[in-house]
Amino acid sequence: MTKKDREVIEVVGTVKEALPNATFKVQLDNGLEIMAYISGKMRMNFIRVMPGDRVKVEISIYDLTKGRITYRFVNKEGNKDEG
């Protein structure tokens with residue numbers, strides 16, 4: 001386990017609102033609502049995040065109100081983004 005692995009908490013949540021500059025309000029499964037931004041790899045690969053999507057978020061142990069979206073789960077309906 002590296003030092004970086006110990007400094008983040010990974011949780012799953014639902015995107016509630018899209019805000020400017022690729023930031024989002026995310027409702028976590030435990031009921032908390034945080035501000036999250038898209039990670040660099042998701043920006044590079046043009047992964048689109050929309051309200052209602054299920055996402056994996058990394059939260060710093062130092063500030064539990066902000067996080068980074070690292071993964072968008074595929075919807076069960078099969079309506080993936082077409083590039």
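Index from 1, following the sequence.
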(request) State whether the side chain of Asn45 and the backbone N or O of Met42 hold a donor-acceptor pair below 3.5 Å, judged by distance alone. (result)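 Flag not set: sc Asn45 to bb Met42 has no pair under 3.5 Å.
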(message) With rounding to the nearest 0.5 angstrom, report the CZ to CZ distance, Arg72 to Arg48.
(response)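 Spacing of CZ (Arg72) from CZ (Arg48) equals 10.0 Å.
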(message) Just verifying a value: how many Å separate Ile9 CD1 and Glu58 CD, rounded to the nearest 0.5 Å?
(response)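 The distance works out to 10.5 Å.
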(message) Quick check: is Val49 connected to Met44 through a chain of hydrophobic side chains (ILVMFWY, heavy atoms under 4.5 Å apart)?
(response) no
(request) Show which residues join Val12 in its hydrophobic cluster (side-chain heavy-atom contacts under 4.5 Å, direct or indirect), or state none. (result)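 Same cluster as Val12: Tyr71, Phe73.
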Under 3.5 Å, which donor-acceptor pairs do the side chains of residues 18-38 form with other protein atoms, sequence neighbours left out?
{"residue": "Thr23", "atom": "OG1", "partner": "Pro20", "partner atom": "O", "Å": "2.8"}
{"residue": "Gln27", "atom": "NE2", "partner": "Gly31", "partner atom": "O", "Å": "2.8"}
{"residue": "Asp29", "atom": "OD1", "partner": "Arg54", "partner atom": "NH1", "Å": "3.0"}
{"residue": "Asp29", "atom": "OD2", "partner": "Arg54", "partner atom": "NH2", "Å": "3.2"}
{"residue": "Asn30", "atom": "OD1", "partner": "Leu32", "partner atom": "N", "Å": "3.2"}

(message) Please enumerate all residues that pass side-chain hydrogen bond (donor to acceptor under 3.5 Å, both in side chains) together with Thr65, with sequence neighbours excluded.
(response)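 side-chain hydrogen bond (donor to acceptor under 3.5 Å, both in side chains) list for Thr65, sorted by chain: Asp63.
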